[in-house]
Amino acid sequence: GNSVTQMEGPVTLSEEAFLTINCTYTATGYPSLFWYVQYPGEGLQLLLKATKADDKGSNKGFEATYRKETTSFHLEKGSVQVSDSAVYFCACGKGQAGTALIFGKGTTLSVSS
Amino acid sequence: EAGVAQSPRYKIIEKRQSVAFWCNPISGHATLYWYQQILGQGPKLLIQFQNNGVVDDSQLPKDRFSAERLKGVDSTLKIQPAKLEDSAVYLCASSPLQGVGYTFGSGTRLTVV
């Protein structure tokens with residue numbers, strides 16, 4: 001079945017630093033790809049998504065591009081803020097057309113001022 | 001629009017006891033999911049309903065876990081008997097039929113002692 005591997009954390013950055021969190025997937029076909037964020041004490045929120053190869057998802061300054069050739073969906077942000085401190089989860093659709101999600105283990109980001 | 005409602009928010013039980021969690025999805029969402037999130041890991045799908053039928057329960061430990069979605073609206077997830085390794089956050093999510101607009105509830109944190 002489909003699976004997701006994301007870089008382990010924690011990732012510790014200073015404010016305004018560049019962020020990359022790596023995510024690769026193994027899948028049959030081309031499932032939709034997602035990044036979810038979980039802020040301290042809050043529930044899972046969709047950050048961005050891409051539904052087909054070469055699509056770029058973006059939201060709140062974060063971006064990720066669906067790379068079919070490298071089976072990757074790396075999350076990037078040019079200048080992080082303290083308020084970006086959270087746990088980030090990469091996810092893919094289960095099966096080719098499934099709507100259930102398969103999540104990575106999560107990467108904790110801590111940004112200091 | 002109201003979100004996905006879950007209750008209780010927290011539950012502590014002893015091993016071998018039983019417990020039930022309740023979820024009320026967003027009105028009109030045909031698909032409902034239960035996920036288990038163990039501390040330090042990403043959510044794992046337990047069961048997916050479409051209306052009141054089960055779409056995927058391949059990862060549900062059926063010897064102890066059961067779930068139902070009567071009338072295609074609210075859902076209940078039950079564990080009987082609970083084990084220590086069942087300690088986790090149980091997340092409910094819902095989506096319209098085509099999967100767009102996936103929304104998670106805040107979860108129920110279960111501690112088995």
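Keep in mind it's a predicted model, so treat the numbers as computed, not measured.
- If you measure heavy-atom distances from B/Gln50 to chain A, you find no contacts under 4.5 Å at all.
- B/Trp22 and B/Leu60 fall into different hydrophobic clusters, defined by Ile, Leu, Val, Met, Phe, Trp and Tyr side-chain heavy atoms under 4.5 Å apart, directly or through other members.
- Criterion: ILVMFWY side-chain heavy atoms under 4.5 Å apart, direct or through other members. Under it, B/Val73 and B/Tyr102 are not part of a common hydrophobic cluster.
- You'll find the ring centres of B/Phe104 and A/Tyr36 inside the 6.0 Å limit.
- Between A/Leu101 and B/Tyr35 there is a side-chain heavy-atom pair separated by less than 4.5 Å.
- Heavy atoms closer than 4.5 Å to chain B are found nowhere in A/Gln45, neither backbone nor side chain.
- The cluster map of Ile, Leu, Val, Met, Phe, Trp and Tyr, joined by side-chain heavy atoms under 4.5 Å apart, puts B/Tyr90 and B/Ile26 in different clusters.
- The line from CG of B/Leu45 to NZ of A/Lys94 is 5.0 Å long, rounded to the nearest 0.5 Å.
- Chosen from B/Gly42, B/Ser106, B/Gly40, the residue pairing most often with chain A at heavy-atom distances under 4.5 Å is B/Gly42.
- Within the 4.5 angstrom heavy-atom criterion, only side-chain atoms of B/Leu91, from C-beta onward, approach chain A.
- For a residue to count as touching a neighbouring chain, one of its non-hydrogen atoms must lie under 4.5 Å from one of that chain's; by this rule A/Leu44 touches chain B with backbone and side chain alike.
- Minimum interatomic distance between B/Arg9 and A/Gly41 (heavy atoms only, all atoms of both residues): NH2-O, 4.4 Å.
- Under a cut-off of 6.0 angstrom, the local environment of CD in A/Gln81 is crowded, with over 12 non-hydrogen atoms contributed by other residues, nucleotides or ligands.
- Linking Ile, Leu, Val, Met, Phe, Trp and Tyr residues whenever their side-chain heavy atoms come within less than 4.5 Å places A/Ile21 and A/Tyr66 in a single cluster.
- No continuous path of hydrophobic side-chain contacts links B/Tyr33 to B/Leu46 [ILVMFWY only; heavy atoms under 4.5 Å].
- Counted within 6.0 Å of NZ on A/Lys68, heavy atoms from surrounding residues, nucleotides or ligands total 12 or fewer; the atom is thus considered open.
- A distance of 11.5 Å separates NZ in B/Lys44 from CD1 in A/Ile102, rounded to the nearest 0.5 Å.
- By the 6.0 Å contact criterion, CG on B/Leu39 is open, its count of non-hydrogen atoms from other residues, nucleotides or ligands being 12 or less.
- Contact between A/Phe89 and B/Gln41 at its shortest, heavy atoms only, is CE2-O, 3.8 Å.
- If you measure heavy-atom distances from B/Gln6 to chain A, you find no contacts under 4.5 Å at all.
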